[in-house]
Protein chains: 2
Amino acid sequence: MKQEKEITIYDIARKLNISATTVSRGLQDNPAINKLTRKKIADTAKALGYRSNNFASSLRSKKTNTLGVLVPRLNSYFMASVMSGMEDAANKEGYNLIISQSQEKAAKEAANAHTMFNKRVDGLLVSLASETENIDHLAPFFRKGIPVVFFDRVFPHKDSTCVVIDNYKAAYEVTKHLIDGGCRRIMLLGGNMLRNVYADRLRGYQQALKDRKIPFNEKLIYISNLAEQDGVNAAELILKMKAKERPDAIFAANDTAAVHCMIHLKAAGIQIPGEIAFAGFNNDPISSIVEPNLTTVNYPGYTMGEIAVTNLISHLSGQNNVKNTSTVVLRSDLVIRASSQKSKAAK
Amino acid sequence: MKQEKEITIYDIARKLNISATTVSRGLQDNPAINKLTRKKIADTAKALGYRSNNFASSLRSKKTNTLGVLVPRLNSYFMASVMSGMEDAANKEGYNLIISQSQEKAAKEAANAHTMFNKRVDGLLVSLASETENIDHLAPFFRKGIPVVFFDRVFPHKDSTCVVIDNYKAAYEVTKHLIDGGCRRIMLLGGNMLRNVYADRLRGYQQALKDRKIPFNEKLIYISNLAEQDGVNAAELILKMKAKERPDAIFAANDTAAVHCMIHLKAAGIQIPGEIAFAGFNNDPISSIVEPNLTTVNYPGYTMGEIAVTNLISHLSGQNNVKNTSTVVLRSDLVIRASSQKSKAAK
DNA sequence: GAGGTTTGTGCAACCGATTGCAAAGAAAGA
DNA sequence: TCTTTCTTTGCAATCGGTTGCACAAACCTC
């Protein structure tokens, strides 16, 4: 393998009979350098096949143009959309992403944060693992003034921005919609209450019940990791209940759990939405495939990713003061489909 | 914001009254350094809160411990699984990933490759955009001897490994399965034939027909991007056909197209699999949600990601000669579900 | 005890770009 | 013509590890 010699600013400088300083400035389009000189530098750089050495540059300027991303899991449609939005936004601004997943483990999250810190990312984007109880592992970032933006599963902190949707309101609306459709015993398949997203959804659910004067029944709350199997388990539980105790609606905090619960109940002969109405959360592709189509909350993942990154970068370039935007709330909409409409089901 | 002073090896050296050289070597566990000294260095480093400066080190050693990943799109279940596997494997070996997506555009792919090159990734993982016609944009990597591993959508090249499944065989089996189930007019929803995955699937399909003495009918080939809308379009096309011309089975090169085509036909009153049997590819979550459940090919994304990274890293550490493994073929299995079984459908 | 090894450590150059400061040359104002 | 003010450019130090080579001390061997 023939290794070509690497071209440096010194090579360019030598070729043009100017100093490396001028070349460095010229490559950055520094206005202090004569326009003609800049052009000559750019041309020569291209001609020689120069590529800038990020390490040398980062070493001196202490900027890496890299953002760290800490997420619980990569393999969900929602998270993939977020990543996609982040990548696009970052790319547009000349930043790169280093992505790592915690697998919902607090320890792995801490280890990954540590790696990011050592890699000296310019900023950090975080969605917390369900296990995580505090953000001590992010302390080094705050201490060094490295901006941290939380998204989706956030942890309010005075020095950082959160990008979220209004989970409380969304859950409130879902629940209200179910109640208005005639449901009274609404079961909630919730997630880990350490996480704002699940805690807020529970609150929204509770408030909607309260406003409609429906008593809150703790037995109708089922907390899990909201994986496929959890949906199935919930279904099993329901099938074991006496007919009178059974819920007449299920509101799951994600579509995966909702769909798998629904399928399992359907297979057992339960009419959906006739006997049990359903609503999910996220608007995953599966929600519009399952039959009946699942009522859910559209969660703008791509946009969330874009906004989180844009916000972070504007911090970095100082266009933006942390104090100005501590939280960005994105719009989310209730997507009403057949699974929640008892009345229309009687066709 | 109080900025803590950054600790360097010089600080450690001063504290211990030894040279920075020794500290550097000690931190790398260089056996030339006395064990006791090494221990003292490690302890002091921890005590002072030292973190190594990757740039300084990369600048000199010319290694970044970073791998570049070039993919067409991030927001699919399959790709998310691959990323997940890659990230896990990379993380385990102390590598980080820089991920970027081409949006299926050759130009963006080239631009991203260029960025990766400038970021001096130690190695590159590539799945090609559907548009890409050649790999000239990867030439700089080959010239500099930076290892490139292709996965899924590959482009055979003498200096690089490909990680794939046997698309030919998988498609052959799907087609054979449909034929054995009694189908004779099997429509293929294919992807861009520039890509091995789609070209191989077409070949497998053709060979299966040939082996079963069924004439190949060009009118039953529908090439598209295999997005949702393409599935719908295919369905429209079929609905416009005269009854005699209609296919009695559809084999789509991905589940998205299969599922959306199927739903659209179902809505139009076509019996699945009675009138038209269905098979897809990838084993996306939607394939086991749609009714009837979709027969498909299980595609081990997570494993593919893991293997691609592991292979790349072993190249880097020189444990592995390119010549030894030019292609890794992963096992894929036909997952038979209701959508393809005409006989059992008559319940 | 002389000569040969092994072990442990340090010197100083180096990686390639960035930047504060100085200064030469050009343009402008008095 | 003499200052003054820009406009351009370069010097040299700096960022923080890494590494080839030299060398001193300790250990062997005959």
Side-chain angles (χ1 to χ4, degrees), chain A residues 3-42 44-46 48-66 94 117-122 144, chain B residues 3-42 44-46 48-66 94 117-122 144:
Chain A
Q3 301 280 349
E4 288 184 347
K5 189 180 141 297
E6 203 64 63
I7 305 295
T8 72
I9 53 169
Y10 299 101
D11 298 317
I12 300 178
R14 205 172 313 121
K15 190 113 181 177
L16 292 176
N17 260 316
I18 54 180
S19 77
T21 306
T22 305
V23 175
S24 172
R25 294 203 176 104
L27 289 170
Q28 297 174 74
D29 257 340
N30 187 322
I33 303 297
N34 186 301
K35 222 163 178 187
L36 179 65
T37 315
R38 271 189 302 204
K39 170 130 182 54
K40 278 198 288 193
I41 292 171
T44 317
K46 186 162 293 174
L48 294 180
Y50 166 80
R51 62 169 173 165
S52 118
N53 185 322
N54 280 299
F55 313 129
S57 140
S58 292
L59 175 57
R60 192 71 228 272
S61 65
K62 300 186 181 305
K63 279 208 55 187
T64 61
N65 271 351
T66 300
F117 189 66
N118 282 333
K119 287 258 166 180
R120 305 196 186 207
V121 295
D122 290 340
K144 284 217 94 58
Chain B
Q3 301 279 347
E4 286 184 349
K5 193 179 139 293
E6 203 64 64
I7 305 295
T8 71
I9 52 170
Y10 298 100
D11 297 317
I12 301 178
R14 205 172 314 122
K15 189 113 180 176
L16 292 176
N17 260 316
I18 56 180
S19 78
T21 305
T22 305
V23 175
S24 172
R25 294 205 175 102
L27 288 170
Q28 295 174 77
D29 258 340
N30 188 323
I33 303 297
N34 185 300
K35 224 166 179 185
L36 179 65
T37 315
R38 268 189 296 193
K39 171 129 180 54
K40 278 197 287 188
I41 291 171
T44 317
K46 187 163 292 175
L48 294 180
Y50 167 80
R51 61 169 175 167
S52 117
N53 185 322
N54 279 301
F55 314 128
S57 130
S58 292
L59 176 58
R60 191 76 224 271
S61 64
K62 300 185 183 302
K63 279 209 56 186
T64 62
N65 269 1
T66 300
F117 188 65
N118 282 333
K119 287 257 164 179
R120 306 196 184 208
V121 294
D122 290 340
K144 283 216 96 57

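So that the names make sense, note that chain A is the first sequence line, chain B the second, and so on, each numbered from 1.
For the pair I33(B) CD1 and dA25(D) C1', the computed distance is 15 Å after rounding to whole Å. For N30(A) and dG10(D), the CG to C1' distance is 14 Å, given to the nearest whole Å. Per the geometry, CG belonging to N34(B) stands 20 Å off P belonging to dA24(D), to the nearest Å. dT7(C) atom P lies 17 Å from atom CG of L36(B), rounded to whole Å. Atom OH in Y10(A) sits roughly 9 Å away from atom C1' in dC15(C) (whole-Å rounding). Between the CG atom of L59(B) and the P atom of dA17(C) there is a distance of 9 Å, rounded to whole Å. Rounded to a whole Å, the CD atom of Q28(B) is 16 Å from the C1' atom of dG8(C). One atom, CZ of R60(A), and another, P of dA12(D), lie 16 Å apart when rounded to the nearest Å.
Nucleic acid contact for T8(A): sugar-phosphate only, since backbone atoms but no base atoms lie under 4.0 Å from a heavy atom of the residue. Residue-level contact check: L27(A) touches neither bases nor backbone, having no heavy atom under 4.0 Å from any strand. T37(A) comes within 4.0 angstrom of the backbone, heavy atoms only, and of no base.
Nucleotides of DNA chain C nearest to K35(B) and I9(A) differ in position, and the one nearer the 5' end is that of K35(B). Positionally, the nearest nucleotide of DNA chain D for P31(A) lies more toward the 5' end than for the other of T21(A) and P31(A).
Of the possible donor and acceptor atoms, none in the side chain of D122(A) sits under 3.5 Å from a partner among the backbone N and O of K63(A). Side chain of S24(A) to backbone of A20(A): no donor-acceptor contact under 3.5 angstrom is found. A distance-only check finds no donor-acceptor pair linking the side chain of S57(B) to the backbone of N53(B) [under 3.5 Å].
Put simply, the side chain of R38(A) does not reach to within 4.5 Å of the side chain of L27(A), judged on heavy atoms.
When the side-chain nitrogen and oxygen atoms of S57(A) are compared with OP1 and OP2 of dT18(C), one or more of them lie within a distance under 4.0 Å. Neither OP1 nor OP2 of dG17(D) sits under 4.0 Å from any side-chain N or O of N53(B). Taking 4.0 angstrom as the limit, S19(A) places a side-chain polar atom (N or O) nearer than this to OP1 or OP2 of dG10(D). Of the side-chain N and O atoms in S24(B), none sit less than 4.0 angstrom from OP1 or OP2 of dG17(D).
When distances are taken from the side chain of A56(A) to each of dA17(C), dG10(C), dG10(D), the shortest belongs to dA17(C).
One N or O donor and one acceptor, one from the side chain of R25(A) and one from the base of dG20(C), sit under 3.5 Å apart.
For the residue pair S19(A)/T22(A), the side-chain donor-acceptor check at 3.5 Å is satisfied.
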